[in-house]
There are 2 protein chains.
Amino acid sequence: MNAVNKARGTASDRLGNVVLRPVRGHHAFEGCVEQLATAIRLGAFSYGAALPPERELAERMGVSRATLREAIAGLRTAGMVRTTRGRGGGTVVSYRPAIPALGGSPGIADRREQLLDSLVYRRVVEPGACYVAAGRKLSATEKMLLTTSLAEVDAAEDPATHRQADSRLHLAIASVTASPMTIEAVTEVQACLHDMLQAIPVLEVNIDHSSRQHRAIVEAIIAGDATKARRAMEQHCDDTAALLRGLLG
Amino acid sequence: MNAVNKARGTASDRLGNVVLRPVRGHHAFEGCVEQLATAIRLGAFSYGAALPPERELAERMGVSRATLREAIAGLRTAGMVRTTRGRGGGTVVSYRPAIPALGGSPGIADRREQLLDSLVYRRVVEPGACYVAAGRKLSATEKMLLTTSLAEVDAAEDPATHRQADSRLHLAIASVTASPMTIEAVTEVQACLHDMLQAIPVLEVNIDHSSRQHRAIVEAIIAGDATKARRAMEQHCDDTAALLRGLLG
DNA sequence: TGACAATGGCATGACCTTAGACCTTTAACA
DNA sequence: TGTTAAAGGTCTAAGGTCATGCCATTGTCA
């Protein structure tokens with residue numbers, strides 16, 4: 001029995017090879033930039049909104065203030081935020097969503113595998129999140145968050161705004177599960193898919209279809225019908241995935 | 001409009017507060033130790049199995065070899081692995097699972113919130129994973145992995161071995177989804193719940209019940225019946241969760 | 001038996017991250 | 001109108017992490 005056999009070939013070893021994953025994403029600094037930039041692009045912090053104070057943000061992200069400041073400096077250089085000093089000052093979002101040039105989403109081809117995987121993962125996570133959300137007793141605030149988010153999607157006038165509102169709705173649904181791990185999973189999925197979703201040709205018929213599904217999902221969650229909510233989200237994921245798989249070829 | 005209102009109170013801001021998460025788990029070194037120790041305790045690397053070579057492991061975990069070596073040194077100190085030099089050498093697992101003293105799982109109370117959350121998250125992720133697994137065309141090897149893992153659970157003679165085999169079965173199911181993100185999610189869930197599951201009173205009736213459910217799940221996956229597979233896993237998660245919630249009080 | 005190759009062991013210098021204290025700016029408040 | 005509090009801006013010392021190259025050990029194979 002040589003070293004290779006010792007390490008490979010048994011069922012349990014196959015699992016060993018599968019569970020190991022990168023222990024973290026590069027440097028803390030890059031991680032901060034990515035997370036903040038994603039939150040802004042998804043619209044979790046929308047145009048004009050203020051980020052929390054540096055000290056608070058640093059603590060919440062588990063990073064030193066120095067590192068966080070470097071990240072913010074990066075965002076500032078990229079023109080996504082503006083910072084003012086003094087009491088009442090802070091860092092505010094100066095980024096407005098834009099429609100990418102058609103077919104001009106760079107690097108989508110490189111990440112083909114990852115994108116296809118995130119479609120699968122989305123199919124796993126988002127319907128499950130709906131099920132959990134519908135099974136909870138929601139507060140008035142939570143219901144309001146859902147209906148407001150839904151209304152914002154319908155009210156969006158340009159594709160870029162629509163895309164952000166759509167992300168926000170999905171994050172809102174995740175957030176009413178009150179499950180941090182579920183919220184994180186949905187956030188990750190939305191971050192992965194954002195660029196791709198943005199590249200979907202925005203046809204009137206797609207938007208209408210999508211809107212009907214969103215409404216069905218939210219209504220089922222508020223009504224507490226977990227099975228119906230899940231099924232509606234499954235349909236929504238499947239339909240969107242079909243479009244996206246077409247785009248990826 | 002003061003700073004607080006600028007940052008709080010709007011729907012979109014609420015989301016901003018919810019999506020920010022720690023950018024990473026402390027030091028790379030600790031992350032490595034934790035991930036490797038978990039993989040070993042879950043049985044992804046079972047007794048006598050060799051870990052991959054340091055250079056390969058370091059690359060896969062996205063960490064320098066120096067850091068990885070520190071982590072391995074930690075495991076060695078803890079008596080979980082043994083290392084030999086030279087060609088054909090390497091690091092092999094010298095850990096055998098043990099049953100914790102009843103009621104003696106330290107720190108379970110401290111993590112109460114996290115544990116309850118992981119039960120919710122599990123309910124989201126594992127049924128979804130079953131659905132995906134059943135929807136794929138499985139190779140003979142993959143089917144074999146499932147049936148072998150199932151047989152190992154039934155064959156386990158002591159509770160500790162049984163617990164490991166159970167984890168391995170769940171990881172095996174995740175692995176046949178062929179979705180890295182899904183695998184990671186299930187791994188995370190199993191790692192979170194491992195200590196708690198280990199503390200479940202091992203009653204004959206529980207094991208029988210669990211065994212029937214496992215068999216139903218695997219059969220449905222192999223038969224390609226996605227809905228049935230998901231429903232079976234939902235039932236399994238719900239039943240286990242009920243036991244665990246009871247333990248947590 | 002001798003060369004080779006695969007593996008762990010070690011050392012160095014550059015860079016990143018942290019924690020904490022302190023400074024500067026500016027709006028809000030008394 | 002002064003005082004204060006809340007925010008960003010800066011500095012430093014200590015330690016963590018990395019990439020890289022080389023060394024030491026030992027099984028394999030010609």
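Just the heavy atoms: all of them, side chains too, but no hydrogens, waters or symmetry mates, feed the values below. Chain A is the first sequence line, chain B the second, and so forth, proteins listed ahead of strands; every chain is numbered from 1.
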Between [N] ([atom2]) and [X] ([atom1]): distance, integer Å:
| X | N | atom1 | atom2 | answer |
| --- | --- | --- | --- | --- |
| His27(A) | dA19(D) | NE2 | C1' | 11 Å |
| Ile72(A) | dA7(D) | CD1 | C1' | 12 Å |
| Arg69(A) | dC16(C) | CZ | C1' | 17 Å |
| Leu68(A) | dA19(C) | CG | C1' | 15 Å |
| Glu59(B) | dT7(C) | CD | P | 14 Å |
| Glu70(A) | dG9(D) | CD | P | 13 Å |
| Glu30(A) | dC15(C) | CD | P | 15 Å |

Is there a donor-acceptor contact under 3.5 Å from the side chain of [X] to the main chain of [Y]?
| X | Y | answer |
| --- | --- | --- |
| Ser46(B) | Gly43(B) | no |
| Thr187(B) | Ile183(B) | yes |
| Arg65(B) | Ala58(B) | no |
| Thr177(A) | Ile173(A) | no |

Answer yes or no: is there an ion pair linking Arg55(B) with Glu59(B), defined by an N-O contact shorter than 4.0 Å? no
Go through DNA chain C and write down every stem, that is, every run of at least three consecutive Watson-Crick or G-U wobble pairs with distances under 3.5 Å, as range with range. C:1-30 with D:1-30
Go through the structure and list residues passing salt bridge (Lys or Arg N to Asp or Glu O under 4.0 Å) with Glu142(A), not counting sequence neighbours. Arg136(A)
Sequence neighbours left out, what passes side-chain hydrogen bond (donor to acceptor under 3.5 Å, both in side chains) with Thr141(A)? Give chain and number order. none
Could you pull out all donor-acceptor pairs under 3.5 Å where a side-chain atom in residues 71-82 of chain A meets a protein atom, sequence neighbours excluded?
| from | atom 1 | to | atom 2 | distance (Å) |
| --- | --- | --- | --- | --- |
| Arg76(A) | NH1 | Thr83(A) | OG1 | 2.7 |
| Thr77(A) | OG1 | Ala73(A) | O | 2.9 |

Taking N or O atoms only and anything under 3.5 Å, show me the protein contacts with nucleotides 21-27 of chain C, one pair per line.
| from | atom 1 | to | atom 2 | distance (Å) |
| --- | --- | --- | --- | --- |
| dT25(C) | O2 | Gly86(A) | N | 3.4 |
| dT26(C) | O2 | Arg87(A) | N | 3.1 |
| dA27(C) | O4' | Arg87(A) | O | 3.0 |

Residue closer to the 5' end of DNA chain D, Ala66(A) versus Thr91(A) (nearest nucleotide): Thr91(A)
For His214(B), enumerate each residue passing the ring-ring contact (aromatic ring centres under 6.0 Å, His included) test, keeping only those at least two apart in sequence or located in another chain. His170(B), His236(B)
Would you mind telling me which residue lines up with the more 5' stretch of DNA chain C, Glu54(B) or Thr67(A), judged by nearest nucleotide? Glu54(B)
